[in-house]
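Following: one structure in structure tokens, then a few remarks.
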Protein chains: 2
Amino acid sequence: MDLNERKLKILQAIVSDFIKTSEPVGSRTLSKRPDIDLSPATIRNEMSDLEEMGYLTHPHTSAGRVPSDKAYRLYVDQLMKSADLPEENKQEIAQRLGANTAELDQTVEHAAKVLSDMTNLVSFAITPNRSESKINYINFLPVDSSTVVLMIVCEDGKVTNSAIKMSAPYTEENLTFMSKVMTHNFKGKAVSTLLTENIAATFESDMQSLSGLAGSVVPSFIKTLEKMLNVDLYMDGYSNIFRLPEYNDIAKAKNFLETVTNKDEFTNVLVNREQGLMITIGDENAEDLKDCALITADYKVNGKLVGRLGVIGPKRMKYGEVTSVIKYITDNLSKTFEIEAPREEEDSDE
Amino acid sequence: MDLNERKLKILQAIVSDFIKTSEPVGSRTLSKRPDIDLSPATIRNEMSDLEEMGYLTHPHTSAGRVPSDKAYRLYVDQLMKSADLPEENKQEIAQRLGANTAELDQTVEHAAKVLSDMTNLVSFAITPNRSESKINYINFLPVDSSTVVLMIVCEDGKVTNSAIKMSAPYTEENLTFMSKVMTHNFKGKAVSTLLTENIAATFESDMQSLSGLAGSVVPSFIKTLEKMLNVDLYMDGYSNIFRLPEYNDIAKAKNFLETVTNKDEFTNVLVNREQGLMITIGDENAEDLKDCALITADYKVNGKLVGRLGVIGPKRMKYGEVTSVIKYITDNLSKTFEIEAPREEEDSDE
DNA sequence: GTTAGCACTCCAACATGCTGAGTGCTAACA
DNA sequence: TGTTAGCACTCAGCATGTTGGAGTGCTAAC
């Protein structure tokens, strides 16, 4: 039995119908469609074949058919008409994103909001990973008699800082010296490289004169480097799920929200996805997300650093529309962060 | 008709029963309680009086009584036994909070998580407002030929920075000069004070020699100061609301989540509350939160800066327990940020 | 290969009746 | 005069039964 054109057409009709209505699709409903000129009985025969082939399922005897994960995958890969985003939507996105281009963080957070508004789904966005960013310089600044601030500046302008409680008294000269030596040693190296090197050794040879201080500094320096690698996750549109009939069941809504609000795990899922426009459906996802579809795409900062955003929702999702919104937003972001490249601003909070 | 002791006792029983079960409380149920030695009929009479006085309501003829906002208020103010937190809970909190004292931000976020776990409610925490923090110094750092990073350091060690796209070429000397002049002018002044001053005037007189640069710097400086005032909001336990029968209704759950995930508005509500341990119930809250109770308390950083955390949930809330958890956590935080005072660390992200 | 027809299945919606929990009122009691 | 027993009444919730519609699968005819 092979997937001939007629079967494909019927399958496509079922999937797109189900995406619209979330109701199992029956043979009579399909036969009424202008693009399908077959009697219900014929359609039933084809449906029966499609079910045997694993593309459809059957909630109960007298219900219509529901697409399987396999059907969604086929739909996304071959059957879906890739909707071009209407001009008005493009304008709305461009306008809303443009309103606030000052800071990467804020812009990314804002992009997530726009995305959830446009798709009526739960959206998310993560900031770029800095592991390959190169150190520009390192600075120690006095705060009070026992505290200094360590500041690491990357070539892309990203600044990370931590306060360090010094175990021994320090002088301004000490700080200047450490700043110079460390900048000299580490400038141009990638954060990830530094984290695999034995930094303590470098310190030992260079900073014998202030051994009392180096002890407090090394662990803080490593921690600050690690902080530089943190990726921020922004999410928006949680309450959109209540519009979807699949989450009328409180237990399901709860499960979904629990999975999705577990920031650490969810960030992990996002960071570890493949690059580019990625759609994963049902079983293709991790255990907790088996009932969901996930769409992500990447944006670039300065043409190099890569961040990511997307949506999560039921498998019954308007893949075409959503995909084009996501693509448009990521393109837009990449452009924003290119033109204003060095404008990327950094904040520091507690 | 006055609130004699018997009425109070009955009211108290009704409120605490309703808090436990979320079911309207009937006269027979009450008469079975060991501490109430009255027949159902007598209790009915008293209930009828209490209803007339506005302390109780009646979902329908043949249902038990439900406390009104007025009853909750009385309960919280007079009737509630303030539960002492069991030693084991104290230990759990102390342990979980202690595990991570490195950074204010992280600790505060973590405190919110602990709070929602302990109370099974939606919790939140905001970082301190820095408007009265004093500037320690100001630094301009080169990034690339047209970009510099502006960094403002407060006396409490908080660092805020932004990247500035320069409208004219600059030299390292320019930056050093600006750093010195601005630090000299602004050191020791509070952020809020600076924001009300005419900063541009200061620049004009001092920086004539680099007028081409000052134009890019003034607006960025003001924006960075404003950034220093941003308060971060952390929330946790969203999915806890699904355990509560009052949110079995999808529409209610949706409303609640929408209100609570509106970060800007909710932050505003929190920032503008009175200081100290505050409980607001039902009508005492803003329109959107009329069905909720809100409990907040403050923590101190260095004995000065004030942050805030708390929970939000249905009016039917275990006020005693929740209050003592919140108090214990805020006390604990204040202590953490006191002992480790200068250890407060700052991060910088995009 | 396609289709009409038919028997069959199952869900959803509605009606019905019953039970239990609760009330308010009245009259009797201490 | 305050308390209580008793009674009629109300209402939500549950179980049960009924019906109609939407759907299927199969068979036989075109």
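Here is the naming used below: chain letters follow the sequence lines, and residue numbers restart at 1 for every chain.
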Legend entry - Residues in contact with DNA chain D, drawn from residues 8-17 of chain B - heavy-atom cutoff 4.0 Å: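 The answer is none.
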So that I can tick it off, tell me whether [Y] and [X] are bridged by a salt bridge, with the cut-off set at under 4.0 angstrom between side-chain N and carboxylate O.
X: B:R73; Y: B:D77; result: yes
X: A:K7; Y: A:D2; result: no
X: A:D283; Y: A:K290; result: no
X: A:D117; Y: A:R96; result: yes

Near-ring test [Y]/[X], centroid separation under 6.0 angstrom:
X: A:F266; Y: A:F124; value: yes
X: A:F256; Y: A:Y247; value: yes
X: A:Y238; Y: B:Y238; value: yes

Just the rounded figure in Å: distance from [atom2] of [N] to [atom1] of [X].
X: B:K32; N: C:dG20; atom1: NZ; atom2: P; value: 13 Å
X: B:D37; N: D:dG2; atom1: CG; atom2: C1'; value: 15 Å
X: A:I43; N: C:dT2; atom1: CD1; atom2: C1'; value: 12 Å
X: A:R6; N: C:dT3; atom1: CZ; atom2: C1'; value: 11 Å
X: B:E23; N: C:dG20; atom1: CD; atom2: P; value: 17 Å

Ignoring hydrogens and angles, write down the donor-acceptor pairs under 3.5 Å from the side chains of residues 56-67 of chain B, residues two or more places apart or on other chains.
| residue | atom | partner | partner atom | Å |
| --- | --- | --- | --- | --- |
| B:T57 | OG1 | B:V66 | O | 3.4 |
| B:H60 | ND1 | B:S62 | N | 3.3 |
| B:R65 | NE | B:E51 | OE1 | 2.7 |
| B:R65 | NH2 | B:E51 | OE1 | 2.9 |

Inset, instruction - Pull out every stem in DNA chain D, meaning runs of 3 or more consecutive Watson-Crick or G-U wobble pairs with both distances under 3.5 Å. - result: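 Counting only runs of 3 or more consecutive pairs, the stems involving DNA chain D are C:1-30 with D:1-30.
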Legend entry - Annotated protein contacts, base or backbone, on nucleotides 21-30 of chain C with a non-hydrogen cut-off under 4.0 Å, one of B, S, - each: BBBB------
Inset, instruction - Please name all residues satisfying salt bridge (charged side-chain N to carboxylate O under 4.0 Å, His left out) with A:E109, sequence neighbours left out, ordered by chain then number. - result: none
Legend entry - For A:R6, all residues meeting salt bridge (charged side-chain N to carboxylate O under 4.0 Å, His left out), sequence neighbours excluded: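 For A:R6, the residues satisfying salt bridge (charged side-chain N to carboxylate O under 4.0 Å, His left out) (neighbours in sequence not counted) are A:E46.
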Inset, instruction - Ignoring backbone atoms, test whether B:S39 places a side-chain nitrogen or oxygen under 4.0 Å from the OP1 or OP2 oxygen of D:dT4. - result: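 Yes.
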Inset, instruction - Kindly determine whether B:K315 and B:D291 satisfy salt bridge (Lys or Arg N to Asp or Glu O under 4.0 Å), including the steps that lead there. - result: CA-CA 7 Å; B:K315 294 183 284 191; B:D291 294 331; 5.0 Å; no
